[in-house]
Amino acid sequence: MTLPADFTTTLVGFLLTLLVMSYLLGDTPLFKIAIYIFVGVSAGYAVSVVWHQALLPALFVPLLSFSGPERFLLVIPLVLGVLLLMKISPYLSRLGTLSMAFLVGVGAAVAIGGAVLGTLLPQMGAAIAPFDMTTALPGGFGSYVERMVMGILALVGTISTLVYFHFGAKTGRDGKLRRSRVVELLAWVGRIFIAITFGVLFAGVYAAALSAFIDRLDTIISFFR
Amino acid sequence: MAEVRCPMCSKPNPENSVSCQYCQARIQPLTAPLGDPIHPGEEPTKKSTSELEPVLPEWLRKVRNPEAESDQPDASTDMPLDRFPEKPPSEQPVEEEPVDLLSRLTSQDADDDEEIPDWLANMRTGSGAPARQEPAQAAEPQVQADWLTDLRQDETPAEVSAASTPENEGGQIGGDLPGWLSDLEKESRKEEESLPWMADATGTESEGTPTGQAEESGDWLADLKSETSVPADFEPAPPSGQTDEIPGSTDLPDWLSGLTTESAASETLAEDQPEIAAGGLTDWFGQADEKAVDSAPAPEPGSDVDLPGWLSNLGAEAPGAVAAQASADSVELPDWFGQSAEQPESSAVPLQETGSLPDWLSGLDAESTAPAAPADEKPSAFDTTEGAVPDWMGQPAQEPAEMAPDTALTEDAGAVLPDWLAASMGEAPAPAQPAEQPAIPADLPDWLAGVTAGAAALTGEPEQAQVPLEPQQEADWQASLPAAESQPAEAVSPFMTESPAEVDSAAAVFLERASAEDVESAFSMDMPDWLSSVKPTEIPQAVETPAPVDEGDEISPASLPSWVQAMRPVESAAPDAAGAVQGEADVLTEGPLAGLSGVLPAGPAFVPGRKPQAYALKLQADDDQQANAALLERIVAGETEPVPLTSSELVLSVRVLRWVIFGILLLAVGLPLLARSRFTPVPSLFPDETLNARQAVIDLPENAAVLLIFGYEASLSGEMEAAASPLVDHLMLRGARLAILSTLPNGPLLAERFLARTQAGHNYQAGEHYINMGYLPGGPAGVFGFAQWPARAMPVLPALGGVPGWQSQVLQDIESLSDFDAVIVLTDSAEGGQVWVEQAGPFMAGKPMLMVVSAQAEPVLRPYFDSGQVKGMVSGLAGGAAYETVNRSPGMAIRYLDGFSMGLFVAVLMIVIGGLWSLISAWRFQRARAAGEV
Amino acid sequence: MKSPFATAIAIAFGLLVLLGYFVPVLAFQLIRQEITLWAIILAAFAVLAGIANLLAVHLEKINRRQKGYYYSLLLVISLAIAAIVGLVVGPQNPSLRRWVGAVIIPVEAGLMATLAVTLVYASIRLLRRRLDMMTVIFIVTAVLVLLGLVPLPFAEIGILNYIIRPFIAHVPALAGARGLLIGVALGTLLTGLRILFGADRPYGGK
């Protein structure tokens, strides 16, 4: 579990960091060199990872060495996988449609199940949870009031945010599309909540970027030390 | 009328029946009858309108008399009665005295009147005709060859392609069925299959190809071409003339005779015309007949009589010439056909011929486009026939299926066409025919069956068609059709249904509209404008393309000109005009089934496309739209404008500003790192999520199995390592077994790096204390699969120390996800955390899920913590610092805290100061601009 | 492999997986398990296909000597080396990890680091480019949260660190984020259903 001090790799890392940071000067060739090398190495390494850690253990090893009838079921993903690779060829790419259809169909079903069971129901439940008076709070009545206020605020924010993304509208007498006043009001409130949310997100992104900046700087400083 | 025949199944029904007892089709139309409705099967009342003849202009009478006198038939002599076995000879229509106002006009050729073409007979009986027709078919090829050769000589290569069009092929190719025809036939068969009513028709379709038609038609065509100096483009017109070919009959159709007598160049034609009459239909017609035999022979009459609305629609779009001719030929066309009647200038002549143009005719004119326009759509056939073939004509080629049935019909129709039909067909370009045919059902409803009889009866007065001036004629004819079935003889005079007064008025209208010049031109052999515009050189091209067809084998279906089919009155389509009983809704007024009742209306997609309306070029846009358009225009223009010099300065300032920011940040962050200072106070209060995470770790049992998910990219590895290191350190201190899984390809690498960089002091050994399970592909599906059954999703793990992964100390007791004491997700993206919450959460069985997230993902993932789905969360470097502080184990996060705090502080200062500066500068800019404007 | 068959495949397997979700029958759950296993394997193939496509694109660039093809050459070479070495020695090889880590971490983290500069610059320009209430709310919120994220240098401002920032993060931002999550989930639900109904065919079927 020790990281061998490899001066060469550290130097490479240092140089690549400088090359990338040259982006502050513009889209320089040095920056491009770093990016292209990165993409190539990353993709090449991914090939080995996929082969050694996904295809071999999940498909080929069971298919060739396992016993039992279920292993023959693996022929199906093998065939589908080969068809999927046909996507590379412009002439045979149509063959890959079947595999893509399988992936999309399964992915859609998984996404539906996850969205319903993992997000919709729990989050809707959480939105109304503050109004559950049966839950005992250590703070007494004051805590209940506080929780209710916060819950109302959060509920209004959630609903108004959803309403903001509701684009349904009716045709007015003048023939123009417009939303009802209630919807307009909620949407306006929703904009505020969204602005706040994105403000927090921006702060988070900046904190993350600053962390990366610090880490890179620390790496460079460590290199010279 | 004791009973009414169903238009769909032809079975008799009680007179007042609203719908058919057998097929439930609507019998009584929903539309109110126009004027005096004609009932199918009802005998037309003969009315003597001849006395009104003086009303006609002199020129008209002159035109009619010579012909009538000279051609006055021995109507019965030539009438092939055997073709109508059902009809007793006594019932055969015999015109001895012109009862009708325009009867003389119609009967120019006695033979024609009485001679019932094979196709008609076939249509009626479905059996009688075939025998006769076969010989005729055999004869066709030779003749066709002659005229074909003539045509081909003139063909130019350019038009060869055009030859593929139905018209060209049909007309020019004698024995061979052109490709398009064969296509049509195929399509028609398809239609039969799809449409039950059409399927029935196939059975009834007779093989009645006109006998010997081709022979003369070919010659006639050749003559026509050579002697009349018809423009090449018009060549197709001959085919149209061919439609008049009456198998076995030697009489020249009225319209043809009229042409011959009055045109100077037509002398030779006149000689040939008899042949034509005998031949009746041109080769292509005959071929069409042959081919169409299977498809829908019987319907033909129906097609003539009842043309669905879609035909009228087609007509509406048809080029002026064709439509005009049709209108001219048709004596009185109902409104539905009127749409197609009005045609461009080129068609002026035919239009003028028509005595009174119904409204629909005028409508057609309005809608019709210049002849050239249609050519674009249906380049080949239509081009050749007329200078401009309308769109609707092009449709046949596009929709061969629909055309197929009609082609068969047209062929027959051409053989023996009622006057009005013959006349119209003579002038109508052949190409149009296919388009109209599709609508004809194979099943012959009563009205259709009546048509056959009516057609037979009409043949007695074929000449009438020559000058179909009277608007009522068609109505009469239709009325006669049903009657003819039972009493053919009485059906002879189709003009009987309307009162003399009506006829008179109609004629008056007609006369009013037709100028003297027009009329003359109409009856003279002078080529209509559209004809004269056609260049002879173009003719051959169309001819060349004829597809080889084995004439002997099949009877090629003839195609009825669309305009002829379009003449079918929608209003009279319903057998019983008593439509008053029912609403109008049941009778379609447009679409392929127009005029039929009890059918589902065709959707817009099935309605033959009309010529697109001409819209004003002026854009209809309101002020807002125009303002937006102007704005868009400015934006687009702005993209192409050269970049002002100031922009380079701006770029420079941008770069400078960036470097200034970079320099400030570098100093603010670098100095603390260099100094290894600890000036930032550690937080005294800690976030709930961090405390909960710590508590969850504390609550883990000894030697707990923890699934550690590495789901972050290298870009945020620094932050993630700083945030996760205290928690993982805590886990290791607790002696947890770590199963490391990655949902990103680079994850395993980052995991090893993380352990090596931050947890080196724990001396955790792979296989014994932790195992790097590797990469789990599939995103949500992969997580879902792993959550269901970890060992199934990743069946083979790297063997460490000779021990397979799943048998290692770390995983030996793990069979399901809930066997892990905790799942800790390290992710830098909201999606990465969301996937685990959604997919793996339901399989946790109450075991805690913790998260170490980047600060950028924390706001989005916080609701999952708030909902309790995530028990604890460490967010970013700040969270890591808090965890380290709480855990009193300073590490990477605390080390970065000074730089982080300074960096944030400086960044906020720059944002605030820069923002204020931006505000001020913006305000100054606006103020300066305002001052400048003033 | 035309659309009807592909569509049927997508719908059938999707429904089978959904059945496993909502119908507590062992058979359905086993089928779902097997299908998801296939999806995992296919996803691995998809990664390979994507990389192969990347390689093909840049090889084409090199073949045609397009502008900047030497960068593509660099990419192809680095990819080939990493892939070959990785396939031979395996991705777990410590040396390979070190070298790969020495490339991907500095580059990615360096890119992220530049973002710290760019975001400050963007924030400064934002008020100049667009000044309205929402922009002000956005900037003010961001500033307050940043200031309250960790104690300021040399001092801790309790109201920022322990009142304002937690309130913003736990109430309005939480509400907004929950609204976004529910909205996204609804969108996912609808999109998934459209796929399972065959209305959407993102796999190429028409």
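Throughout, protein chains are lettered first and strands after them, A, B, ... in sequence-line order, and every chain is numbered starting at 1. Because the structure is a prediction, the values reported are computed rather than measured.
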Let me know if B:L716 has heavy atoms under 4.5 Å from chain C in its side chain, its backbone, both or neither. side chain
Counting only heavy atoms closer than 4.5 Å, note whether B:L904 contacts chain C via side chain, backbone, both or neither. side chain
Of all the heavy-atom pairs spanning C:V117 and B:R658, show the shortest one and how long it is. CG1-O, 3.4 Å
Within-4.5 Å side-chain heavy-atom neighbours: B:F900 and C:L149: yes
B:L861 versus chain C, heavy atoms under 4.5 Å apart: side chain, backbone, both or neither? neither
What part of B:L897 gets closer than 4.5 Å to chain C, counting heavy atoms only: side chain, backbone, both or neither? side chain
Quick check on side-chain contact (heavy atoms from CB on, under 4.5 Å): which of C:V184, C:L181, C:L180 does B:V860 satisfy it with? C:L181
Below 4.5 Å from any heavy atom of chain B, which atoms of C:Y21 appear? Answer side chain, backbone, both or neither. side chain
In terms of heavy-atom proximity below 4.5 Å to chain C, should B:Q834 be classed as side chain, backbone, both, or neither? side chain
Could you look at B:R792 and say if it's the side chain, the backbone, both or neither that has a heavy atom under 4.5 Å from chain C? both
On a heavy-atom basis, the closest approach of B:A907 and C:V120 is CB-CG2, 3.9 Å
Tightest non-hydrogen contact, residues B:S918 and C:I124, listed as OG-O, 2.7 Å
How long is the straight-line distance from CZ of B:R757 back to CD1 of C:I105, given to the nearest 0.5 Å? 8.0 Å
Heavy-atom distance under 4.5 Å to chain C: side chain of B:F925, backbone, both or neither? neither
So, B:Q788 and C:R32: side-chain donor and acceptor under 3.5 Å apart, yes or no? yes
Flag yes if more than 12 heavy atoms outside B:F679 fall under 6.0 Å of its CZ atom; otherwise flag no. yes
Quick one: closest heavy-atom pair of C:Q92 and B:P748, and the distance? OE1-CB, 4.2 Å
Less than 4.5 Å to any heavy atom of chain B: does that hold for the side chain of C:L174, its backbone, both, or neither? both
Chain C contact via B:F784 - side chain, backbone, both or neither, heavy atoms under 4.5 Å: side chain
First locate atom CD1 of B:I661, then atom OG1 of C:T118, and finally report the distance between them rounded to the nearest 0.5 Å. 8.5 Å
Below 4.5 Å from any heavy atom of chain C, which atoms of B:V908 appear? Answer side chain, backbone, both or neither. side chain
State whether the number of non-hydrogen atoms from other residues, nucleotides or ligands found under 6.0 Å of B:E815 atom CD is greater than 12. no
Which answer fits C:E34, side chain, backbone, both or neither, if we ask what part of it has an atom under 4.5 Å from a heavy atom of chain B? side chain
Taking all atoms of both residues into account, what is the closest heavy-atom pair of B:L749 and C:R97, and its distance? CD1-O, 3.6 Å
More than 12 heavy atoms of other residues, nucleotides or ligands under 6.0 Å from CZ of B:F905: yes or no? no
Scanning both residues in full, the closest heavy-atom pair of C:I104 with B:A714 reads O-CB, 4.0 Å
Find the one option among B:S921, B:S901, B:G785 whose heavy-atom pairs under 4.5 Å with chain C are most numerous. B:S901
Chain C contact via B:S875 - which portion, at a heavy-atom distance below 4.5 Å: neither
Checking C:V143 against B:I911 for the side chain to side chain contact (heavy atoms under 4.5 Å, CB included) test, could you report, in this order, the C-alpha distance in whole Å, the side-chain angles of both residues, the deciding distance, and whether it holds? CA-CA 8 Å; C:V143 167; B:I911 290 173; 4.2 Å; yes
Select one option (side chain, backbone, both, neither) describing which atoms of B:P681 are under 4.5 Å from chain C's heavy atoms. both
Please flag which part of B:Q856 lies under 4.5 Å from any non-hydrogen atom of chain C: side chain, backbone, both or neither. side chain
In terms of heavy-atom proximity below 4.5 Å to chain C, should B:W917 be classed as side chain, backbone, both, or neither? side chain
Salt bridge (charged side-chain N to carboxylate O under 4.0 Å, His left out) pairs, two or more places apart, involving residues 168-192 of chain C: B:D866-C:R178
If you round to the nearest 0.5 Å, how far is CE of B:M902 from CG of C:L152? 10.5 Å
